[in-house]
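Excluded from the calculations below are hydrogen atoms, water molecules and symmetry mates; all remaining heavy atoms, backbone and side chain alike, are included. Nothing fancy with the numbering, it's 1 onward along the sequence.
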Amino acid sequence: MPSPQDCIFCQIVAGAAPSTIVHEDDRTLAFMNIAPAAPGHLLVIPKAHATDLLDVPSDDLAASARTAQRMARRVVGCSAPTA
């Protein structure tokens with residue numbers, strides 16, 4: 001598993017790798033996917049480094065889920081047809 005220095009997600013959080021950030025708070029970061037599979041495809045990550053899902057502290061995991069839901073609502077709201 002990559003160390004925080006080698007982790008692309010940690011580099012994005014630190015601003016050392018390019019990204020299009022759409023949301024940031026104390027615990028999470030949401031940014032556009034480099035190769036989107038669909039309009040609005042983005043990634044939500046905890047800011048703290050973790051090697052995998054089992055390594056993410058529960059508070060950060062819960063914050064990531066809340067951010068993912070918030071971002072999904074934005075995407076659905078943006079893609080809703082207008083009358």
Side-chain angles (χ1 to χ4, degrees):
M1 289 294 149
S3 67
Q5 300 88 326
D6 298 326
C7 175
I8 186 62
F9 298 118
C10 289
Q11 292 172 17
I12 290 169
V13 169
S19 65
T20 302
I21 296 171
V22 295
H23 175 82
E24 182 173 8
D25 59 38
D26 291 345
R27 290 185 178 265
T28 67
L29 187 70
F31 54 95
M32 299 307 296
N33 189 299
I34 195 168
H41 184 184
L42 56 86
L43 300 169
V44 176
I45 61 169
K47 285 184 168 181
H49 178 76
T51 56
D52 59 35
L53 184 64
L54 297 174
D55 191 38
V56 179
S58 59
D59 289 345
D60 287 344
L61 189 58
S64 297
R66 284 190 300 272
T67 297
Q69 185 177 53
R70 187 175 303 125
M71 296 302 102
R73 286 185 176 131
R74 284 187 189 175
V75 169
V76 170
C78 289
S79 63
T82 57

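A pairwise comparison of heavy atoms in A30 and V44 identifies CB-CG2, 4.0 Å as the closest pair. Contact between V75 and P39 at its shortest, heavy atoms only, is CG1-O, 4.3 Å. R27 and D59 get closest at one heavy-atom pair: NH1-CB, 3.5 Å. Counting all heavy atoms, side chain and backbone alike, I12 lies closest to A17 at CG1-CB, 3.9 Å. Taking both residues in full, the closest heavy atoms of D52 and L54 are given as OD1-N, 3.0 Å, listed atom of the first, atom of the second, then distance.
Residues T67 and L29 have side chains not in contact (no heavy-atom distance under 4.5 Å, counting atoms from C-beta outward). No side-chain heavy atom of D25 sits less than 4.5 Å from a side-chain heavy atom of R66.
Under a 3.5 Å cut-off, the side chain of R70 and the backbone N or O of H23 do not form any donor-acceptor pair. In this structure, the side chain of Q11 engages the main chain of Q5 through a donor-acceptor pair within 3.5 Å.
Between atom CE of residue M71 and atom CG of residue L43 there is a gap of 12.5 Å, rounded to the nearest 0.5 Å. Expressed to the nearest 0.5 Å, how far CD1 of I45 lies from SG of C7 amounts to 7.0 Å.
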* Residue pair L61, L53: steps toward the side-chain contact (heavy atoms from CB on, under 4.5 Å) verdict -> CA-CA 8 Å; L61 189 58; L53 184 64; 3.5 Å; yes
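Counting only residues at least two apart or in different chains, salt bridge (charged side-chain N to carboxylate O under 4.0 Å, His left out) contacts with residues 9-19 are absent. Residue pairs meeting the side chain to side chain donor-acceptor pair (under 3.5 Å) criterion with at least one member in residues 31-42, sequence neighbours excluded: N33-H41.
Checked against side-chain contact (heavy atoms from CB on, under 4.5 Å), A50 has the following partners two or more places apart in sequence or in another chain: D55, V56.
Hydrophobic clustering places F31 together with V13 (ILVMFWY residues linked when any side-chain heavy atoms are closer than 4.5 Å, directly or through intermediates). No path of Ile, Leu, Val, Met, Phe, Trp and Tyr side chains, each step under 4.5 Å between heavy atoms, connects I8 with M32, placing them in separate hydrophobic clusters.
The local environment of CD1 in I34 is sparse, with at most 12 non-hydrogen atoms from other residues, nucleotides or ligands closer than 6.0 Å.
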